[in-house]
Asker: 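What follows is a single structure, and I will ask about it in a moment.
Just so it is clear: chains get the letters A, B, ... in the order the sequence lines come, proteins before strands, and each one is counted from 1.
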Amino acid sequence: MFAPPTWPRFHLLLSHLSDKGFSQPLFFLLISSSSPIRSLVSSMSERRFCQEDDCSSLLSRLGSDSPRPRMKFGGMFCNVEGAFENKTLNFESFSPQTQRRRTAPTQTGGQDGGDAATGRTMVFPSGTTRESYGKREVQSAAGKEVLGDRLIIKGGKIVNDDQSFYADIYIEDGTVRQIGENLIIPPGVKTVDAYGQLVIPGGIDANTNLHVPQKGLNPADDFYQGTRAALCGGTTTIIDHVLVEPGVSLLSAFDQSRETAEQRACCDFSFHLDITRWHEGLYEELETLVKDQGVNSFLFFMAYKDKYQSSDSQLYEAFGVLRDLGAIAQVHAENGDIIDEEQKKLLSLGITGPEGHVLSHPEEVETEAVYRAITIAKQANCPLYITKVMSKSAADVIAKARKKGIVVYGEPITASLATDGSQYWSKDWATAAAFVMSPPINPDPSTPQYLTSLLACGDLQVTSSAQASFSTAQKAVGKDDFTLIPEGTNGIEERLSVVWDRAVSTGKMDENEFVAVTSTNAAKLFNIYPRKGRIAVGSDADIVIWNPKEMKTVSATTHNLTVEVNILEGLEFRGVPTVVISGGQVVVEDGKLSVTEGSGRFVPRKAFPDFVYRRIKARSKMAEARGVPRGNYDGPVHDVISMTKSVPPTPTTRGPTCPKIVTGPRNLHQSGFTLAGAQIDDHIPRRSTQRIVAPPGGRSNITSLS
Amino acid sequence: MSDCRRQWNREDELPVYLAGPISSGPNQRKSYGMFSSVEGAFDSKTIDFDSYAVGRKGSRTPRSRSRERILDSGDPVEKTPGDAREGSQTNSTGEIDGTGTGAEVQFAEEENLPGKDGRLLIKGGRVVNDDQSFYADVFIEDGLIMQVGENLVAPAGVKVIEANGRMIIPGGIDVNTCLMKPYLDTQPVDDFLQGTKAALAGGTTMIIDHVTPQPEGSLLEAFERWQEAADKKACCDYSLHVDIPKWNETVKDELEMLVQDKGVNSFQVFMAYNDLYQMTDSELYAALSFLKELGAVVLVHAENGDLVAKEQRKILGMGITGPEGHPLSHPEELEAEAVFRAITLGNRVNCPVYITKVMSKSAADTIAQARRKGSVVFGEPITASLATDGSHYWSKNWAKAAAYVTSPPLSPDPTTLDHLHTLLACGDLQVVGSSHCAYSTSQKAIGRDDFTLIPEGVNGVEERMGFVWDKAVAMGKMDENQFVAVTSTNAAKIFNLYPRKGRIAAGSDADIVIWDPDSVKTITAKLQQSAAEYNIFEGLECRGGPALVLSQGQIVYEGGKLQVQQGTGRFIPRKPFPDFAYQRVKFRNQVKNSQGVTRGMYDGPVYEVPSMPKYITPSPSAKTSPTSHQPPPIRNLHQSNFSLSGAQIDDNVPRRSGHRIVAPPGGRSNITSLG
């Protein structure tokens, strides 16, 4: 069976249209408290699910539900006195504030359209489990007019990365205004019932490629499709990559992407910039981007030889610049040179199918590059973020480096946490090709578990999706040559569920750690904390109500992306978002998605994130190397004849091989010779004074044995 | 015993023992009683030597030939032991006075030596090989070990050396020396004569030197120049590694020639020395692939040259010009990183990799871990990294600090040497080299205002064996067999000299050291053989040293006195494909063939790429475009104007209009729907 075309039609309100033309000032605009348009939301909230009967039984199980309960205090609803008071933050001081876009969400289809219902990912294994789904309800208070932008989330267990507690949340104007029990709230506020469920900060996906063309092909899922899927999976912020082709200005590429995203994205977004060709001239643009445009992370490629690859020298220089600007360096870590050779070899062996991709990108090549990147970052004293950790050994290298105190972060992705690469050998070309990404998904079936363990113990910090989906037709560009297959997999939608299922429900990780790896750590690293990644007074109202018990089965027929093949097809994951609130708006509820294209805001990020740079700053101060004050060496110096051709370019230089004894006549021949013009060793200042003989007064004892 | 002895004389028995030496690896060490060697344990040490030597028909002829060559080259001195003692290059009197060393030389009968050319019997010693130790006498004739056995009776007129229960070990092999490495226009003060003299004085009877050609120069020419110089000067047997300064097509032919005809089976590549010798990863990959086909061992100088260059610039920019800038600009991490990369490359190519100069803990750990994962990689710590640390770079005395400058630098961490000894003892590192490359202080002073100009190199050929004994065996970390393995046998195996070198067995060369574990000496530049003014081990005390050294059956060092003959060293050719390194590689080659998946042709829609050439050009795979495998014309015939109309499975893909959907007429089987 196949669903009718799900390409959404957009029902935009007039208000929205007018809003789109509105140019946004960037920073620090006060949030105006004007009342938003609410009429539409009220109709939405008419629908209710009143199945309160088994509420209590569900609640009673909840305390023991999390594998490692962290709560030490009292009963269900009695949290530590005043525990959340200090979560109130002086928000203005933390993050740049963009003006809120005030648009009422457009329902995609609603009851009759059936779009959302069919497009959803949730598949219920049986009719009975559907009942538990009805625990959450949305009702208007006493039938009064519901205020669309004001929400109260009741009865949920708030899970932050440091602790969990029971409290209600009051949201107004897209921000969390109050947290606590017995909140005093204005009448007519919409209530979201979260009894028995977890209330977590919305996920942050720190690595998506929704607008990165590969080999001339645009991803099948753009900002609109991608962010819709993100929201359905509980992710409320994405950080997308802007690939700057060699020769293109960074700023213009950034502006173009930002403009597209502002028109299309349904959730908040920010950008990393991918720098494909490093040169000194980029400094000014980088400075502008970091200081004025709110970009604080830049990706470099160690792979894609002759195309995007940066050499070690370039990386070192670039890292030094980024450190001075307070940005974070990211690398795509694979040894492009080796891959290139391996690809040639495999093609010459006649292997052209997708299995050639994984054969030509062996694990070691990834590990080697990770090791090298860490070494370079350590030398440059720059924080490093390894995107897409796909193999055990690469993760080990990161873990070891962290143990040695290097500021490095590792990011496993949905695909590496959920599946292995055995599908590359699938007989079905389309399936095999769908898995093609770099670094490839590891064929070792124990990899997902291993990465999950490292994630749980903090050796890896952030989960992302590396979402970059290409349709089968696009992948088929490389049907006769695996090197032409566009690289990328889906995962933006399944990310949170994968982590919950693989880590939390297996008991490896607790719920707080879950919040950390899916949201808080990314927010801290990329300096949007505590605006994002935390449920606290003053934070953005990006909140997910999480049902840890529900199951869902992933399928390409029900997911929200446009690609035909889902690499996680058929896998069952425990834990799904039941309600997703993005920017104070309920966007997912009861499995229905109601989003507005273009409602996402750009989230600028400041330089020098504390989480990363505090250590770096301290080290910069300590790292001053000092020379040894010595007397001048005044012993004999071997006379070096400077031949024209053997001007020393670098430390050890070749010279004439035949041994020569330096004599007077030799010097006469050399006397007229001068090196004119710029020389390769101009940076070595003392070439002219090199010819020193012993002073007539005898040598001082500086050279004597000590 | 008499049975055994009879067998030695029957040469036709020899093929029986062919299988012996290879299978008796270091793992088979058994503990026998102190004085009871296993019956017949040493007759399996008889080796059909002819099968090992390179390019030679028999073991005897070439040796005499090589001596004749020396004679032809104008050295009139006869090579009999008596004459050798009076040779012009000796620095001791002809009379041997063995008092105090414990090894006495006696004559079986009061008769003069001449006529009985090079016959020697070492009595009453304990033969220590890498696999076992046993008490036996060793009979030497013509520079070869003829017999190893108990209670050998010396024929009349044979010189007898009484070992008095001391250890008889195979002479050391120093696989890393640079006795002729040019720097600017200077050469190390220790040339082949000085260097090999120092080697012999330390118990090393063979060196493998590095040939360093110019970047534009011919490898063959350089090799010949080195060989010529060494033939004239070397006092002990030698062999040569060739460094590859640059990777290009012409080098390939020369490499092939060197391996096939010249007896060179090891080549060094550089990951350091930016803009000079450094190779990119692609070049390294190509080089490793090529050398693997030749069956050579790849030596890697592992340091990240790019970063070293950057760091050097930075340090100079900070105004640090003294020798302390050298370790500051060559941090340990860069060495470890390059080691890791070299191993990765080796794994990918499936080529044995030998890391020269392991100087730091992290580099050594990287090697150990890789070995645990099955990589064919060998690590070579050197005397300097095993005996001292890099704290002296900060010495107030410029000359002293500069003497320590070598690449990779000595690690300033004082616990490094202990760690390296531990890894050496447990087999994670295999070979001890010296990287002996001694420059005088005035040569080092070329870089007195800029540390990047200081010629790199430290001494250590003489102290090598002593420090391994002192810091590992005397400390109880290592046993005597492992000592022999790391100082001699492993090197011989890796570089395919075994069992001619690196073992005391019938048929092997008579390069033998009688080792005195109790001698204590304090290292000082005044007493060393090397010509350098500075010894980086100055003042260190070292237990253990050679009491007597035999090279090619001649006594060259005894009781602290050296008596050598310039030019007696022979070039030892080495065959490719050493078993020790290549056996595993060969098997992996057979297993490692990757195979594609046989599937039906993909016949679904193909997105039409608008601007094909634009992106394909920079793509890395452009050179091996798929056209060679799947000729597109055939496909293109089918790619007519066929279009799909109506509702399709991918209708929800927004860019439908942009697709050119292609499906072959007649339709393929729906292969795409298979699970």
Asker: Between B/Thr598 and chain A, with a heavy-atom cut-off of 4.5 Å, which part of the residue counts as in contact: side chain, backbone, both or neither?
Answerer: both
Asker: Tell me which of these, B/Ala402, B/Ala336, B/Ala401, B/Gly447, has more heavy-atom pairs under 4.5 Å with chain A than the rest.
Answerer: B/Ala336
Asker: Hey, which of A/Tyr424, A/Phe482, A/Tyr308, A/Trp425 has the most heavy atom pairs under 4.5 Å with chain B?
Answerer: A/Trp425
Asker: If I measure from the heavy atoms of chain A, does B/Lys444 come under 4.5 Å with its side chain, its backbone, both, or neither?
Answerer: neither
Asker: Give a yes or no answer on whether the side chain of B/Gln443 reaches the backbone of B/Ser440 with a donor-acceptor pair at less than 3.5 Å.
Answerer: yes
Asker: What part of B/Pro213 gets within 4.5 angstrom of chain A, counting heavy atoms only: side chain, backbone, both, or neither?
Answerer: neither
Asker: Quick one: which of A/Gln379, A/Glu317, A/Lys378, A/Glu569 has the most heavy-atom pairs under 4.5 Å with chain B, could you say?
Answerer: A/Gln379
Asker: Between A/Phe470 and chain B, with a heavy-atom cut-off of 4.5 Å, which part of the residue counts as in contact: side chain, backbone, both or neither?
Answerer: neither
Asker: Which of the residues A/Ile376, A/Ile339, A/Thr375 is involved in the greatest number of heavy-atom pairs with chain B at under 4.5 angstrom?
Answerer: A/Thr375
Asker: Measure B/Leu284 against the heavy atoms of chain A and call it side chain, backbone, both or neither at under 4.5 Å.
Answerer: neither
Asker: Given B/Phe270 and B/Tyr273, is the ring-ring contact (aromatic ring centres under 6.0 Å, His included) satisfied, shown in steps?
Answerer: CA-CA 7 Å; B/Phe270 294 90; B/Tyr273 305 115; 5.8 Å; yes
Asker: Looking at B/Gly325, B/Pro323, B/Gly539, B/Ala338, which has the largest count of heavy-atom pairs under 4.5 Å with chain A?
Answerer: B/Pro323
Asker: For B/Thr366, is it the side chain, the backbone, both, or neither that has a heavy atom closer than 4.5 Å to a heavy atom of chain A?
Answerer: side chain
Asker: Is chain A contacted by the side chain of B/Gln369, its backbone, both, or neither, given a heavy-atom distance below 4.5 Å?
Answerer: side chain
Asker: Kindly assign one of parallel, tilted or perpendicular to the pair B/Tyr439 and B/Tyr183, based on the angle between their ring planes and the thresholds 30° and 60°.
Answerer: perpendicular
Asker: Counting only heavy atoms closer than 4.5 Å, note whether A/Pro246 contacts chain B via side chain, backbone, both or neither.
Answerer: neither
Asker: Go through the atoms of A/Lys475 and report whether side chain, backbone, both or neither lie under 4.5 Å from a heavy atom of chain B.
Answerer: neither
Asker: Short question: side chain of A/Glu364, backbone of B/Asn347 - any donor-acceptor pair under 3.5 Å?
Answerer: no
Asker: By a 4.5 Å heavy-atom criterion (distance strictly below it), what part of A/Glu342 contacts chain B: side chain, backbone, both, or neither?
Answerer: both
Asker: Grab the two heavy atoms, one from A/Ala373 and one from A/Met302, that are nearest each other, plus how far apart they are.
Answerer: CB-SD, 3.7 Å
Asker: Any ion pair linking A/Lys400 and A/Asp396 (charged N to carboxylate O, less than 4.0 Å)?
Answerer: no
Asker: Taking B/Glu324 for its side chain and B/Trp394 for its backbone only, find out whether a donor-acceptor pair lies under 3.5 Å.
Answerer: no
Asker: Within the distance-only criterion (no hydrogens, no angle test), does the side chain of A/Glu564 pair as donor or acceptor with the backbone N or O of A/Thr472 below 3.5 angstrom?
Answerer: yes
Asker: Give a yes or no answer on whether the side chain of A/Arg630 reaches the backbone of B/Ser395 with a donor-acceptor pair at less than 3.5 Å.
Answerer: yes
Asker: Donor-acceptor check, side chain of B/Asn535 to backbone of B/Ala525, threshold 3.5 angstrom: yes or no?
Answerer: no
